[in-house]
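Heads up, the thing below is written out as structure tokens.
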Number of protein chains: 2
Amino acid sequence: MEARLTNPPETNRSLPIALLRAREKVMGPIRTMLSDVGVTEQQWRVLRVLNERGTLDPTEIAERSCLLLPSLTRILQTLEGKELITRAPHPTDRRKQLVTITQAGRQLIVDNMEESRRLNAWLKESFGNEKLEQLLDLLNELDTLERT
Amino acid sequence: MEARLTNPPETNRSLPIALLRAREKVMGPIRTMLSDVGVTEQQWRVLRVLNERGTLDPTEIAERSCLLLPSLTRILQTLEGKELITRAPHPTDRRKQLVTITQAGRQLIVDNMEESRRLNAWLKESFGNEKLEQLLDLLNELDTLERT
DNA sequence: CATTTGTACTTAACATGTTAAGCAAATGCG
DNA sequence: CGCATTTGCTTAACATGTTAAGTACAAATG
């Protein structure tokens with residue numbers, strides 16, 4: 001079993017690729033839903049964060065939506081162009097901005113949240129709620145690892 | 001780190017984002033390693049598939065390396081330019097190609113496989129081999145789901 | 001054999017991922 | 001205060017993700 005010193009491990013036991021495939025499985029339907037209303041998966045994440053947390057600065061949006069700042073800069077420009085968010089200067093720190101979701105942005109979330117919940121329900125039913133929770137626990141624990 | 005404690009549980013319980021974070025955790029060190037030799041994570045995946053399976057056509061490479069064909073087209077052009085692969089016309093079907101890894105490509109894999117194994121060993125040690133296998137099983141099972 | 005349909009890429013266009021560099025404002029310090 | 005450093009965001013450059021359209025060839029059909 002350990003005679004693989006000259007050959008790399010098979011890709012189906014490769015964690016990076018397994019994570020990629022699982023993510024594609026989960027995100028595929030969501031992307032389809034969102035493309036119908038003209039927003040990407042990342043734009044949707046930003047809008048949801050703003051809807052849940054209220055006005056935020058870009059750095060905090062990036063952290064909460066799991067995006068890097070250069071990507072977020074472009075996304076905020078796009079969302080502003082679509083009038084789904086507004087940007088205002090920070091009152092005391094002129095380096096910062098304050099980003100707020102617009103009414104149209106909130107409406108977009110309302111219009112798609114039901115379908116989003118339906119997809120989540122499908123996942124729970126197909127995969128099993130217990131396994132789903134177990135998977136989330138493992139993923140979250142993995143995320144806490146620190147390389148020594 | 002206290003920042004984690006301030007995060008709402010909902011982000012930790014979102015499967016797409018949890019998959020994203022876990023993937024970043026695992027891929028970060030690998031990307032660092034690969035950038036030192038001038039190949040990307042995706043190029044590395046293609047080379048490994050070719051090294052494992054031998055000569056393949058682009059469609060099968062795409063399936064096995066989890067890449068879409070348009071991405072793969074560009075990647076193969078890049079890898080050919082770096083002389084890490086060669087492309088030959090299919091003997092009977094002139095629509096197809098046959099892609100083969102070069103000696104330089106194999107050498108690149110050899111040069112990095114030890115470090116790759118070291119990272120995998122770190123993962124097994126930090127996370128636990130049993131949990132790792134359990135996680136892989138769950139991810140692979142998730143990937144088999146079909147939407148009804 | 002001619003036409004239609006399908007296959008195997010390829011190209012295009014736009015969005016994001018990723019790293020590095022840039023810039024203005026804020027902060028730390030002598 | 002004056003200046004180096006840090007912070008917050010932006011831009012740039014290159015690679016990939018994603019969808020749609022295009023092209024050449026093959027296979028199926030009549």
Side-chain angles (χ1 to χ4, degrees), chain A residues 16-17 19-21 23-25 27-47 56-63 65-82 84-85 87-99, chain B residues 16-17 19-21 23-25 27-47 56-63 65-82 84-85 87-99:
Chain A
I17 292 190
L19 290 167
L20 202 57
R21 292 188 172 133
R23 185 169 160 68
E24 172 54 30
K25 177 69 64 174
M27 282 313 302
I30 296 180
R31 262 202 302 273
T32 300
M33 168 190 85
L34 293 175
S35 72
D36 292 341
V37 291
V39 299
T40 67
E41 168 200 340
Q42 291 85 351
Q43 291 166 14
W44 172 252
R45 284 215 301 273
V46 170
L47 290 177
L56 295 175
D57 58 275
T59 297
E60 192 167 359
I61 297 173
E63 286 173 7
S65 60
C66 247
L67 293 166
L68 297 178
L69 268 174
S71 296
L72 183 62
T73 293
R74 291 174 301 208
I75 291 170
L76 291 180
Q77 290 165 348
T78 302
L79 290 176
E80 193 175 28
K82 292 178 180 177
L84 297 175
I85 64 164
R87 287 195 276 185
H90 191 282
T92 63
D93 190 335
R94 281 186 296 178
R95 294 170 303 180
K96 293 186 180 180
Q97 308 172 13
L98 293 178
V99 183
Chain B
I17 291 189
L19 289 167
L20 203 58
R21 289 185 173 140
R23 185 170 159 69
E24 172 54 30
K25 177 69 65 173
M27 281 313 303
I30 297 181
R31 263 201 301 273
T32 300
M33 169 191 83
L34 293 176
S35 72
D36 292 341
V37 292
V39 298
T40 67
E41 168 200 341
Q42 291 85 351
Q43 291 166 14
W44 172 252
R45 283 214 302 275
V46 169
L47 290 177
L56 295 175
D57 58 277
T59 297
E60 192 167 359
I61 297 173
E63 285 172 7
S65 61
C66 236
L67 293 166
L68 298 179
L69 269 173
S71 296
L72 183 61
T73 293
R74 291 174 301 207
I75 290 170
L76 291 179
Q77 290 166 349
T78 302
L79 290 176
E80 193 176 28
K82 292 177 178 175
L84 298 175
I85 63 165
R87 287 195 278 186
H90 191 282
T92 63
D93 190 335
R94 283 185 296 179
R95 294 170 302 180
K96 292 188 181 178
Q97 306 173 15
L98 292 178
V99 184

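So you know, we letter chains A, B, ... as the sequences are listed, proteins then strands, and number each from 1.
- Rounding to the nearest 0.5 Å gives a distance of 8.0 Å between CD of B/E80 and CD of B/Q77.
- Residue B/T40 is classed as a sugar-phosphate contact, given heavy-atom separations below 4.0 Å to backbone atoms only.
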Identify all pairs in which a protein N or O lies below 3.5 Å from an N or O of nucleotides 24-27 of chain D, and state each distance.
residue: D/dA26; atom: OP1; partner: B/R94; partner atom: N; Å: 3.3
residue: D/dA26; atom: O4'; partner: B/R95; partner atom: NE; Å: 3.4

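- In terms of heavy atoms, A/V99 sits closest to A/R87 at CG2-CG, 4.0 Å.
- Mapping A/L98 and B/Q43 onto DNA chain D by nearest heavy atom places A/L98 closer to the 5' end of the strand.
- The residue B/Q77 sits close only to the backbone: its heavy atoms come under 4.0 Å of sugar-phosphate atoms, none of a base.
- Under the 3.5 Å distance criterion, the side-chain polar atoms of A/R23 are matched with a main-chain donor or acceptor of B/P16.
- Rounding to the nearest 0.5 Å gives a distance of 12.0 Å between CD of A/Q42 and CG of A/L47.
- Atom CZ of residue B/R45 and atom CD1 of residue B/I61 lie 12.5 Å apart, to the nearest 0.5 angstrom.
- Summarising the geometry of B/G38 relative to B/K82, their closest heavy-atom pair is O-NZ, 2.6 Å, with the distance given to 0.1 Å.
- The shortest non-hydrogen separation linking B/L79 to B/V46 is CD1-CG1, 3.7 Å.
- When DNA chain C is scanned in the 5' to 3' direction for atoms under 4.0 Å from non-hydrogen atoms of chain B, the outermost contacting nucleotides are C/dG6 to C/dT18.
- In terms of heavy atoms, B/I75 sits closest to B/Q43 at CG2-CG, 3.8 Å.
- OP1 or OP2 of D/dC9 sits under 4.0 Å from a side-chain N or O of A/T59.
- To the nearest 0.5 Å, atoms CG (B/L20) and CE (B/M27) are separated by 13.0 Å.
- A distance of 10.0 Å separates CG of B/L98 from CG of B/D93, quoted to the nearest 0.5 Å.
- Residue contacts shown for A/E41 are absent, as no nucleic acid heavy atom lies under 4.0 Å away.
- A/L72 comes within contact range of no nucleotide atom at all, as no heavy-atom separation falls under 4.0 Å.
- Protein atom CG of B/L69 is 16 Å distant from nucleotide atom P of D/dA20, rounded to whole Å.
- Annotation: the span from A/L72 atom CG to A/E60 atom CD amounts to 12.0 Å, rounded to 0.5 Å.
- Of the two residues near DNA chain C, B/R87 and A/C66, the one whose nearest nucleotide lies more 5' is B/R87.
- Near DNA chain D, meaning a heavy atom under 4.0 Å away, the residues from residues 29-39 of chain A are A/R31.
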